[in-house]
**Student:** 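Could you have a look at this structure, given as structure tokens, before my questions?
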2 protein chains.
Amino acid sequence: MPKQVDYESRRRRIAEAVCLLADEHGPEGVSMRDVAARAQVSLGAVQRCFRSKGEMLLFAVEYVGDRVTERVRARLAASPAQSAATALGHAADEIALLREEHRAEARIWLAFVAQAAVSEPLAGPLRTSYAALQNLLARLVTEAIGSGSADEGATPPDPQHEARTLLALADGLTTHVLLGHLTAEEAEEVLHAHLAGLWERLGAARR
Amino acid sequence: MPKQVDYESRRRRIAEAVCLLADEHGPEGVSMRDVAARAQVSLGAVQRCFRSKGEMLLFAVEYVGDRVTERVRARLAASPAQSAATALGHAADEIALLREEHRAEARIWLAFVAQAAVSEPLAGPLRTSYAALQNLLARLVTEAIGSGSADEGATPPDPQHEARTLLALADGLTTHVLLGHLTAEEAEEVLHAHLAGLWERLGAARR
DNA sequence: CCGAAAGCGATACGATCGTATTGGAATAAG
DNA sequence: CTTATTCCAATACGATCGTATCGCTTTCGG
């Protein structure tokens, strides 16, 4: 058998280039040639990795989705001993992508979301990522309920419901920061205030 | 003086065409030629109305922004006698663009937002629209506080803070519905639950 | 050592893009 | 009616896009 290369690593490299370009010039502003140049490979090499541009974008969106969810998971694993409340806070922070160093990732995400709203094949992987994040948040809420108060007067919050709210709020805040409608500090303040409210609702008997 | 046409109405017609195409093929998927065909005018006529494509898109985004905020304002004017609480609910409903008949408008909005995240000239009008909506919501919250309880124990919520939260939540929910991650019913349920929580926070002494 | 096979860089191709140009139709003032 | 001016449809143009094709190089089984 003749020459063979590590396609997996090359695909990842190309996906990185797609992200860089999508961050700079928006979605649809990435061309195969620019991608090839950014990834420091020839156009032909890109074409060998992906049958078409659509296939390349699909891989890139899955790549980004995996990276975000993995980062959230890692953040949780890094601080396992703390309370469910702070864990929720950290998770929400990571999802909201508010920090300056993740601004690019947020722009890429938004670019793909907008594209996916009119392109069904792209929407699939994004839904998968969102479902993963929502389930992760819901699990944290469940833990918070369990370790929290045993108060029986108030209606117990639905973890999936709270996770949906949190995810949508984080997403909206990220968008508003990207647009410059909110500063990162304002968004963080809103997010933390919501978390504080949620925590209070979970059960006031908390120290 | 020779022939003269109503440029204002033609510009609006072209903006409508831009919206229709942005809804179908996403942002950047709208070409001058397609726009001209949709608006039933020639390419030359479009070029006379707008010096460049960017100028056309800029006009279109302002047009959409005005239409959304105007619709929210109209909805409020149509039900002036009701309580501040229901007014807030209606406003949030309109902003979230969850109903099927506004799905297209939501897609267009998302398309422009994504584009604006990497194109500063487009971001300006969007920020203006968001600021208008946030102020409108904040005003409603203020009214709700005024007409609500006079309880002094709890800390009074900051109207601007609550407006920011509401706006971001509505935006995030709209996006998730467009992607198919949430159904319109789920999103509406989340939004109403948040409003209920807010209302409760404003003061429990309410009938 | 050697040919078969796979990879890759270069190039070609057709389509489509935004924009510029141009020649003639339409219109209102004199 | 004449004429100057505005408008517009058609067309041209150069750039860039995604994709297809084609030799040359590289590599490994035999």
Side-chain angles (χ1 to χ4, degrees), chain A residues 1-61 111-112 114-116 118-119 121-122, chain B residues 1-15 17-61 111-112 114-116 118-122:
Chain A
M1 298 282 276
K3 190 170 160 186
Q4 58 183 13
V5 306
D6 182 2
Y7 277 95
E8 210 52 37
S9 77
R10 202 208 294 283
R11 278 171 174 252
R12 274 197 295 270
R13 178 129 75 111
I14 291 175
E16 301 266 13
V18 170
C19 291
L20 286 177
L21 290 174
D23 173 34
E24 292 170 8
H25 312 106
E28 292 295 293
V30 303
S31 71
M32 302 284 283
R33 285 169 178 83
D34 289 350
V35 168
R38 272 300 184 118
Q40 307 219 57
V41 298
S42 76
L43 177 56
V46 177
Q47 288 185 287
R48 194 150 324 277
C49 276
F50 304 102
R51 239 182 302 273
S52 70
K53 183 183 182 180
E55 202 173 282
M56 180 184 74
L57 261 52
L58 201 64
F59 180 86
V61 67
F112 279 130
Q115 189 68 16
V118 291
S119 163
L122 238 51
Chain B
M1 298 281 275
K3 192 169 160 185
Q4 59 182 17
V5 305
D6 182 2
Y7 276 95
E8 211 52 38
S9 76
R10 204 210 294 282
R11 276 169 175 254
R12 273 196 295 271
R13 178 129 75 111
I14 291 174
V18 170
C19 291
L20 286 177
L21 290 173
D23 174 34
E24 292 170 7
H25 312 105
E28 292 294 294
V30 303
S31 72
M32 302 284 285
R33 285 167 177 84
D34 289 350
V35 167
R38 271 301 184 116
Q40 307 219 59
V41 298
S42 76
L43 177 56
V46 177
Q47 287 185 286
R48 193 150 319 276
C49 276
F50 304 102
R51 237 183 302 276
S52 71
K53 182 183 182 180
E55 203 173 281
M56 180 184 75
L57 261 52
L58 201 64
F59 181 86
V61 68
F112 279 130
Q115 189 68 16
V118 291
S119 163
E120 190 50 35
L122 238 51

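Each chain gets a letter, A, B and so on, in the order its sequence line appears, and its residues count up from 1. All of these numbers come straight from a predicted model, not from anything done at the bench.
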**Student:** Under 4.0 Å between a side-chain N/O of Ser31(B) and OP1 or OP2 of dC17(C), yes or no?
**Tutor:** yes
**Student:** Taking CZ from Arg48(B) and C1' from dA26(C), how many angstroms apart are they, rounded to a whole number?
**Tutor:** 13 Å
**Student:** Rounding to an integer number of Å, can you tell me how far Phe50(A) CZ sits from dA20(D) P?
**Tutor:** 16 Å
**Student:** Given dC8(D), is OP1 or OP2 found less than 4.0 Å from the side-chain N or O atoms of Arg10(B)?
**Tutor:** yes
**Student:** Would you give the length of the straight line joining atom CD of Gln40(B) to atom CZ of Arg38(B), rounded to the nearest 0.5 angstrom?
**Tutor:** 10.0 Å
**Student:** Assign each of Tyr7(B) and Gln47(A) to its nearest nucleotide of DNA chain D by heavy atoms, then name whichever residue's nucleotide is nearer the 5' end.
**Tutor:** Tyr7(B)
**Student:** Minimum heavy-atom separation for Val118(B) to Asp23(A), with atom names?
**Tutor:** CG1-O, 3.3 Å
**Student:** Rounded off to whole Å, could you give me the CE-to-C1' distance for the Met32(A) and dG18(D) pair?
**Tutor:** 7 Å
**Student:** For a 4.5 angstrom cut-off between non-hydrogen side-chain atoms, does Glu24(B) reach Leu21(B)?
**Tutor:** yes
**Student:** Return the value, rounded to whole Å, for the distance between atom CD of Gln40(B) and atom P of dA9(D).
**Tutor:** 12 Å
**Student:** In whole angstrom, give the distance that lies between atom CD of Glu28(B) and atom P of dT16(C).
**Tutor:** 18 Å
**Student:** Show me the donor-acceptor pairs, under 3.5 Å and distance only, between side chains in residues 29-36 of chain B and residues at least two apart or in other chains.
**Tutor:**
{"from": "Ser31(B)", "atom 1": "OG", "to": "Asp34(B)", "atom 2": "N", "distance (Å)": "3.2"}
{"from": "Ser31(B)", "atom 1": "OG", "to": "Asp34(B)", "atom 2": "OD2", "distance (Å)": "3.4"}

**Student:** Using the side-chain heavy atoms of Val5(B), tell me which of these nucleotides is nearest: dC8(D), dT21(C), dC17(C).
**Tutor:** dC8(D)
**Student:** Check the pair Ile14(A), Phe50(A) against side chain to side chain contact (heavy atoms under 4.5 Å, CB included), reporting the backbone distance first and the verdict last.
**Tutor:** CA-CA 10 Å; Ile14(A) 291 175; Phe50(A) 304 102; 3.7 Å; yes
**Student:** If you round to the nearest 0.5 Å, how far is CG of Asp6(A) from CZ of Arg12(A)?
**Tutor:** 7.0 Å
**Student:** Looking at DNA chain D, which of residues 51-59 of chain A put a heavy atom within less than 4.0 Å of it?
**Tutor:** Ser52(A), Lys53(A)
**Student:** Of the listed nucleotides (dT19(C), dG9(C), dC7(D)), which one gets closest to any side-chain atom of Ser42(A)?
**Tutor:** dG9(C)
**Student:** Which comes earlier along DNA chain D counting from the 5' end, the contact point of Val30(A) or that of Gly44(A), where each point is its nearest nucleotide?
**Tutor:** Val30(A)
**Student:** Give the rounded distance in Å between these two atoms: CG of Asp6(A) and P of dC8(C).
**Tutor:** 11 Å
**Student:** Minimum heavy-atom separation for Val18(A) to Phe112(A), with atom names?
**Tutor:** CG1-CZ, 4.4 Å
**Student:** Provide, to the nearest angstrom, the distance between the CG atom belonging to Asp34(B) and the C1' atom belonging to dT19(C).
**Tutor:** 16 Å
**Student:** Can you measure from CZ (Arg11(B)) to CZ (Arg48(B)) and round to the nearest 0.5 angstrom?
**Tutor:** 12.5 Å
**Student:** Expressed in angstrom and rounded to an integer, what is the separation of Leu43(B) atom CG from dT19(C) atom C1'?
**Tutor:** 9 Å
**Student:** Give me the residues of residues 12-22 of chain A where at least one heavy atom lies under 4.0 Å from an atom of DNA chain D, by number, or none.
**Tutor:** none
**Student:** Which pair of heavy atoms, one from Cys49(A) and one from Glu55(A), lies closest together, and at what distance?
**Tutor:** O-OE2, 4.4 Å
**Student:** Mapping Val41(A) and Gly29(B) to their closest nucleotides on DNA chain C, which lands nearer the 5' end?
**Tutor:** Val41(A)
